[in-house]
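Read the structure below first, then the notes.
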Amino acid sequence: MPVPAPGTELHGKLLSLVRRKLQSSENALAGRYASWRKAERSYRLYVNPDEVQEPQEGVTDDAELLYTYPTSIVVPMSYAMVQTLVSFWISLFTAQRPYIRVGHRDEASAGAARAQELLLTYQLDHVGFVPFLHGWLLDACRHVGIVSNTWDTIHRNQTVRRSLTLPGPEGPIKFQFKEKKSVLEYEGNVPEVVDPFAFRPDPRWPISQFQRGGFCGEEMYRSYFELLRKQADGTYQNIREIPQYSKEHLRSNQSDRDRISGANQYFGYSMKDKENSLIMLDQVQIDLIPADHGLGGSREVERWIVVAANRAVIIRAEPFPFDHNDYTYSVIEASPDPHSFMNPSIIEIMEPIHQHVTWFMNTMLENARKSLNDRLVVDPAIVDMDDFLTPSAGKIIRINQDYWGIPGVTAGAVNQLKVTDISSQNLKHVSTLIGFLEKIAATSETLQGQVEEESRTATEISAAAQQGALRLRTSAQLFSGMGLVPMARQMTQNNMQLLSEEQYLSVVGQLTEQDFQGVGRAVEGGVIVSPDDIQGLFTFPISDASAPLDPVRFARTWVQVLQVSTASPILQQRVDIVKLWMELVRSLGIPDPTRLLLPQQLQVLPDEQIERQVQAGNLVPQQQPGGAPPLRAAIPNRPQSQSISGEENRPR
């Protein structure tokens, strides 16, 4: 849709609306940036030179100085505990495939729900689900975790080899040639982690309820040539009208990542040369009345996507393209409070105690440095100070002439000054504070893979680990409800709306091909799903975070269940023994137990034996449509496991 031309009244009105919304969000978030930067420094073990306690100009008495000496270190407790938390949560969310469960709201949608599960798993694998999930959870521990989900269609040029056979005088002649053709490489959802410093929600609502706001967006940087390519395919307009970037536009809310790593993403940036510049884009999803801004004649409130370049030119304005009509973001917080606009992260909560741990360690190390250096009391009347101060390994120190020949004069000439180690109890204090941090983050030594100093039995350690993981499981369920479920709902709606071609989906993980019978078109190792196969009404259950903490104990539990089931005649009639065996094999680390099963062998029984089985009630004739005579018999109320092993019950 044409964008209002730069310089016109309608363009200025739309640009002013976007800038006001962005400014209101930045003003509300400004108070969080300093704390986020401090959390980044703590996580990355960065010693900020501005916080070193030295005599320096501009430092007031009430300034908070964390590091007591220039050679200070940061104790990596925040890093260790956050990595433990993220690793635990990733193990829960990736323990089972498909990653996201999709339920059906009516019977007709059952097959479509299973197809959506496979399609979502394929799309998440395409973007790299594990690193994607790691970045999302890591941001939640340091700041707030935000992802954006969009749709992308990628075509690539591919060289295709072809052969052509023509008749010749001495027989067929075969010609080989190559050609390039455009092929569809990927069509589907593309979830991406959003920089929390670039997120722009409506500040009138808590971050957990940002979907109720009147706008939501993010700030991003793109090169000039990338925008020109997007203009060529119709995504953007007015690219050549974008003004040069000025110093006033440089955002003041950047994180400390570049400062910590020593690598600047704006290296080579030039504000005077578009070819070497980065252009700031503000992409805002906003509710507005199109007629008020020259975007059509509608007087109804509609949701639009508006993109401003360098906050000076509108380069895109179009109606919101997705049927779900939600902002394309999903947000998770490690310590959510529905009444607070934004909540402190785990690192922010731990930071005061972590500062004391760092201070105790630094004072102890500095005291050790002082003890290692000689502190001497010298009588200059007795000792020649020039000899004493000579920096050489082997010294000859002369006695002043007035003290020559006096016995024992050197005993009091030089004495070592006694240094009292006042930091001898610091390690004990550090250990106590680390215990507080472990309680705050629910990361015990057992969960971190450390052996406790106290002697305990394996049962006690396992029970403690199970109890300690309850809080982390609850957090995982919160993440699932706040972030994964809304993201899955958007992805599913996008699949139903935008998928245009068939997709081959491999059946992997803990599900077998039998679990997806009737879904799409079955092929070797998977199914082919068309856009018509994924239409339906769906539900999205919250993940129960049921991955086992002790795999060995988990496998033993399956062994006991299998033994009880095979020993009970009643359970043999109601439980699928083969599926139980498959779950046991998976718990032992074998991902695909179906390859261990023998192919089913059908046995043709004589007609007399079939008649006896029918009379005994073991077989029931299966009627054909139209009143045709039955062709086969069906076994009533028999579990699938007996159809594999019970040869006498096989129908003809």
Side-chain angles (χ1 to χ4, degrees), residues 93-104 108-133 149-163 178-192 321-324 484 487-540 579 582 586 590-597 599-600:
F93 289 124
T94 61
Q96 297 179 348
R97 293 169 63 97
Y99 300 126
I100 298 176
R101 296 292 180 179
V102 180
H104 53 277
S109 303
R114 296 197 297 273
Q116 286 279 11
E117 287 182 347
L118 283 179
L119 190 56
L120 292 179
T121 299
Y122 162 71
Q123 292 171 348
L124 291 173
D125 282 337
H126 175 79
V127 300
F129 185 53
V130 172
F132 162 79
L133 192 60
N149 180 64
T150 57
W151 185 270
D152 197 7
T153 302
I154 303 175
H155 289 85
R156 301 290 188 194
N157 290 330
Q158 180 175 323
T159 300
V160 180
R161 299 180 182 273
R162 298 184 180 277
S163 62
K178 296 186 298 184
E179 64 176 358
K180 285 188 177 182
K181 64 179 295 186
S182 178
V183 297
L184 178 63
E185 180 177 290
Y186 178 75
E187 181 185 41
N189 291 281
V190 182
E192 296 178 322
F322 302 114
D323 286 348
H324 56 71
L484 284 173
M487 183 185 72
R489 185 179 295 111
Q490 292 183 15
M491 295 176 69
T492 302
Q493 287 286 105
N494 292 347
N495 288 334
M496 290 191 292
Q497 175 191 355
L498 302 172
L499 192 68
S500 62
E501 297 189 11
E502 292 183 337
Q503 300 269 355
Y504 169 77
L505 306 174
S506 59
V507 178
V508 294
Q510 297 185 352
L511 300 175
T512 65
E513 296 181 14
Q514 295 180 353
D515 295 313
F516 288 90
Q517 290 181 354
V519 178
R521 187 171 74 256
V523 294
E524 181 67 24
V527 295
I528 293 180
V529 175
S530 70
D532 294 335
D533 296 328
I534 58 174
Q535 307 297 321
L537 300 175
F538 308 112
T539 60
F540 302 89
K579 285 190 174 182
M582 293 173 67
R586 289 193 190 100
I590 302 175
D592 186 14
T594 56
R595 60 188 175 85
L596 304 177
L597 298 176
Q600 297 186 21

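The structure displayed is predicted, hence computed values, not measured ones.
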Fill in: Where Gln123 and Gly188 come nearest, the two heavy atoms and their spacing
NE2-CA, 3.7 Å
Worksheet item: Do Asp533 and Ser530 have side-chain atoms, one donor and one acceptor, less than 3.5 Å apart?
Response: yes
Practice prompt. Indicate the atoms forming the closest heavy-atom contact of Arg489 with Phe540, along with that distance.
Written response: CA-CZ, 3.7 Å
Worksheet entry | Minimum side-chain heavy-atom gap His324-Gln497 below 4.5 Å | no
Discussion item. Donor-acceptor check, side chain of Gln535 to backbone of Pro531, threshold 3.5 angstrom: yes or no?
Written reply: yes
Discussion item. For Pro191 versus Leu124, what's the shortest heavy-atom pair and its separation?
Written reply: CG-CD2, 4.2 Å
Worksheet entry | Minimum side-chain heavy-atom gap Phe129-Arg97 below 4.5 Å | no
Please tabulate, for the side chains in residues 149-158, all donor-acceptor contacts under 3.5 angstrom to protein atoms that are two or more places apart in sequence or on a different chain.
| from | atom 1 | to | atom 2 | distance (Å) |
| --- | --- | --- | --- | --- |
| Asn149 | ND2 | Asn189 | OD1 | 3.1 |
| Arg156 | NE | Glu185 | OE1 | 3.4 |

Response to the item:
Value for CG (Leu505) from CD (Gln116), rounded to nearest 0.5 Å, stands at 10.0 Å
Worksheet item: Looking only at heavy atoms, what is the nearest atom pair of Leu537 and Ser109, with distance?
Response: N-OG, 3.0 Å
Discussion item. Less than 4.5 Å apart, side chain to side chain, heavy atoms only: is that true for Val529 and Leu499?
Written reply: no
Worksheet entry | Point-to-point distance, once rounded to the nearest 0.5 Å, from CG of Asp323 to CG of Leu498 | 7.5 Å
Practice prompt. Considering non-hydrogen atoms only, spot the tightest contact between Gln503 and Glu187 and give its length.
Written response: NE2-O, 3.3 Å
Worksheet item: How about Leu120 and Pro98: do any of their side-chain heavy atoms sit closer than 4.5 Å?
Response: no
Discussion item. For a 4.5 angstrom cut-off between non-hydrogen side-chain atoms, does Asp125 reach Tyr99?
Written reply: yes
Worksheet item: Any idea how His126 and Tyr122 line up, ring-wise: parallel (<30°), tilted (30 to 60°), or perpendicular (>60°)?
Response: tilted
